[in-house]
Amino acid sequence: MVSNENTYAIETISLTKIFPDWWGRSKVVAVDDLNLQIRENEIYGFLGPNGSGKTTTLKMILNLLHPTRGKALLLGGSSDDPEISARIGYLPEESYLYRYLTARETLDFYGRIFGLPREVRHERVEMLLEMVGLAGMGNRSVGTFSKGMARRIGLAQALINDPDVLILDEPTSGMDPMGTRQMKDLLVQLAQRGKTILLCSHLLADVEDICDRIGILYGGKMRTEGAVSQLLQHQDQTEIHTGNLSESTLQKVRELIAGQGHDCDVRRPMDKLETFFVNIVKQALEEKQVTSGAGMGTGIADFLAERPQTRSRSVLDELVTASVDSTPKQDQSPETPTQKTEPAPKPEPQADTSLLQRLTKPDTEPATDEAPAKADEQSTPAEPSEPVEKVKKDMLEGLIGRTSDTAGSTETTHPEDSKDDNHA
Amino acid sequence: MHSIWAIAKNTLSQAIRMKVALAVIVLLVVLLPLMSVIMEGDGTLLGKLQTFVSYGLGLVGLLLSVLTIVIATYTLSSDLKRRHLHLVVTKPVRRYQIVVGKLAGILILNIFLLAIFGGVIYGLTRLIPPLAQADDAEVQRAEREFFTARTGMQVTYDEAQVRQAAEERFRMLRDSDQIPREMSQPQAMRELMAQERMLAKSCPPGRARRWDFEGVRFKVPDDPDDPDGTEATIFIRYKFEAATPPPDDTIYGTWRVGDLRQMDAGMERARTPIYEVQRGEVTRSYHEFSVPVEAVADDGFLSVAFFNNPALNRTTVILEDVEVLFDSGTFSTNYLRSLLLIYVRLAFLAALGVSVTTWLSFPVAILVCVVIFLAGTANTFILDSLDGVGLTMGIIYQFTLRPILWMLPQFDGIYNPSYYIINGRLIEWSFLAATVSVTLFVKAVAVLLLGVWVFSRREIAKTVV
């Protein structure tokens, strides 16, 4: 478990890119001595303002640009190597699809390039179209699609080879909230199934919701890097969500807290606009209103879910893989460790168990109808009508750790539930 | 291979969706049948056929060349400009596979288009004789001179002999001081050699000139009415020039065709027949007459002699391009070969177009391709005119410009398929193979390798600030 080169899915070593002008003089330092280390099975959020060098870095990783200095390693090699690029999925900042091809032809084209046999290709194309909510539009040419729809096809093409590493540049730009939500859910699920995801975005909410670690780039240099929970969590505050309390109970609570020497602020939680919007669209969908736009995507395509685990690379991974097999259908039980899972596992025993915990999730995924609603609540303040008590120290934690820090409820919330929600 | 095929297929879809392809197809579909009706040539059936096929093949060749240049320069450059390649190159595909895939797509498209329009011209050509109101003689002439594939043997003159004769005369003239001062020795020699060559072709009144051909071998055509090939004919083709044009512009003469060695040996009775033909024909245009194949000796020897009858002509006759022709193939296979010649041209242009767009933008690339295409169609002219430069310049030229010019494709002269089809000349397989090897396997491959080399090193997402 020693960090050697092979444990990184993506690594850059002193990566530098200087764009010359027409005469070959150095003009713009786009990326400056960047050292990225992204572990396998991690969702890494790559942030930064416009022009900070995010996309340039991705392009160097993918060999679309040659570094001026330094090196970019992808799965320990160069993306020029077909062996390696066969394991990569890439969604560029704009979708760059052939406008004259239909959605189906587009996916088929990339499937062919990957050398997928005909049956596999056809099967995957249909699954992916369904997954990204464009099943009815397979025969429409991509040129007629809106940006968000093209984005969906872009995502589908990035997944056609069931990649181990996904590199996404602004994946949700131009997408409607439904699509954004589905995309986020999907990414979390993919990460759970052992994929590494490098997500480049300046939509902070997206990154915050799903990333394990983030790095913020400014002027081509890394300003800060670390686990989302570490960077964002207020260690000195507690948030409590509960049902409607009477004024007298509230008073008692206030007194109790005052007794601890803290102030407290009581409010009615609001629905997030995202949740509200998703509900409205879902309603329309249930009423079967006609649309020429993107439909509701389904859950993760089967072929992406088939292979449950990471490649056995380290002792940890082997351990984890073995555990998955030995704990089928194990429901979330009270003995669940409640500590947060940090996806940057320091070689500590806790990290192992938590990872295992996280990875067993796909098997325990219950397709009940209640669970999703709760997932929504978890990612957003609880709906008032829901009487279940929940303690929520940190919304993010719930998503990242995929274990709610429960204090009374045994319900666990994890993002794939909210996906099922959409599925309903 | 699967990626090459995927890219080829995609290129094909791209090309089909381009308006220019549609424009060319519509233009040809309208023009070709129209041309077959309108074109008359010199009024004879043969003339009509020759004019139609010449213009038809020329038009198809030209339009498909232009189409190929446009598509070949467009496909890769637009993929780069619209950044489609950002996605493609991150997939498991080698750069060369992208270039080759693009090229393969265009080549496949060209096969289809050339087959379709080549077929249309062929069909219309076959339809012209039954539909034209022509008499039997005209139809027969068209069959003999057009719907056939003949091999021609031209008279060759011994250059060494010509030079020797010229040198002798030069010495004689110099000794008698008859060479003008301002004329240099090479100039004078060139002049004298031209004179000698002319002399070798000329025939004064009352004199005869004879040409011997060896190795006149031909395949007897598969004519069911003529199993022995006894009705097969050989053709003598020639053009007259008169030193002083006669009033009626007509030259009268007697031709003898056969194994004239028998007469040299003074044999009593010739074993193979010798045919005598009286002809009177206008100057400065080609004529031909036929004699039965029996005239050829068993060892493939044939003599052709012309006697300038002093009773009818008062001028020295210069006989240009005397040629013996014999059937050696069918029109259909020959036509197919002419299409292959056009295809070689298209394939070269496709390779060129794709290659130059690996480092040039679309407008520049299309300009370069058009210039090279035009240079190719005037290649013989360019080379001929530059070969005439002076001695010192010549050496520099020989080692600098000439190799570059040699790299240019050759689409004109003997590489122009119309010439063969119009004159019913056989395009030999060996010639076709040589053209394919030089134009495709040497020139096109060189251009393509250069393109692949550049493309493999290129930053696909390059931005210049």
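Letters A, B, ... mirror the listed sequences (proteins, then strands); counts begin at 1.
- In this structure, NZ on A:Lys59 lies 11.5 Å from CD1 on B:Ile460, to the nearest 0.5 angstrom.
- Counting only heavy atoms from C-beta outward, the side chains of A:Gln157 and B:Lys91 approach each other to under 4.5 Å.
- Here the OG-OH distance, from B:Ser3 to A:Tyr110, works out to 13.0 Å after rounding to the nearest 0.5 Å.
- For chain B, the nearby part of A:Ser95 is the backbone; its heavy atoms alone come within less than 4.5 Å.
- B:Glu459 contributes no side-chain N or O that, together with a main-chain N or O of A:Leu64, makes up a donor-acceptor pair within less than 3.5 Å.
- The greatest number of non-hydrogen atom pairs below 4.5 Å with chain B, out of A:Leu91, A:Asp81, A:Ile88, A:Leu97, is found for A:Leu97.
- No more than 12 heavy-atom neighbours from other residues, nucleotides or ligands sit within 6.0 angstrom of OH on B:Tyr55.
- Across all non-hydrogen atoms, the minimal contact from B:Pro92 to A:Pro82 is CB-O, 3.5 Å.
- Ranked by heavy-atom pairs under 4.5 Å with chain A, the list B:Arg95, B:Arg94, B:His86 is led by B:His86.
- Residue A:Leu116: no heavy atom, backbone or side chain, is found under 4.5 Å from chain B.
- Looking at B:Ile4, there are no atoms closer than 4.5 Å to chain A (heavy atoms on both sides), in backbone or side chain.
- Atom CD1 in A:Ile113 sits 9.5 Å away from atom CG in B:Leu87 (nearest 0.5 Å).
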Next on the checklist: Test side-chain contact (heavy atoms from CB on, under 4.5 Å) on B:Val88 and A:Phe109; report intermediate values, then the result.
Outcome noted: CA-CA 10 Å; B:Val88 177; A:Phe109 170 63; 4.1 Å; yes

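- Of the N and O atoms on the side chains of A:Tyr96 and B:Arg83, at least one donor lies less than 3.5 Å from an acceptor on the other residue.
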Checklist entry - salt bridge (charged side-chain N to carboxylate O under 4.0 Å, His left out) between B:Arg82 and A:Glu94: does it pass, once the steps are laid out? => result CA-CA 10 Å; B:Arg82 297 182 181 203; A:Glu94 276 166 49; over 6 Å; no

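- A distance of 14.5 Å separates NE2 of B:His2 from CZ of A:Arg118, quoted to the nearest 0.5 Å.
- Listed options B:Ser13, B:Ser78, B:Gly101 were ranked by heavy-atom pairs under 4.5 angstrom with chain A; first place goes to B:Ser13.
- Put simply, CG on B:Asn10 and CZ on A:Arg112 are 10.0 Å apart, with the number rounded to the nearest 0.5 Å.
- Taken to the nearest 0.5 Å, the CZ atom of A:Arg99 stands 12.5 Å off from the CD atom of B:Gln14.
- Counting heavy atoms from C-beta outward, B:Ile16 and A:Tyr100 have side chains that stay 4.5 Å or more apart.
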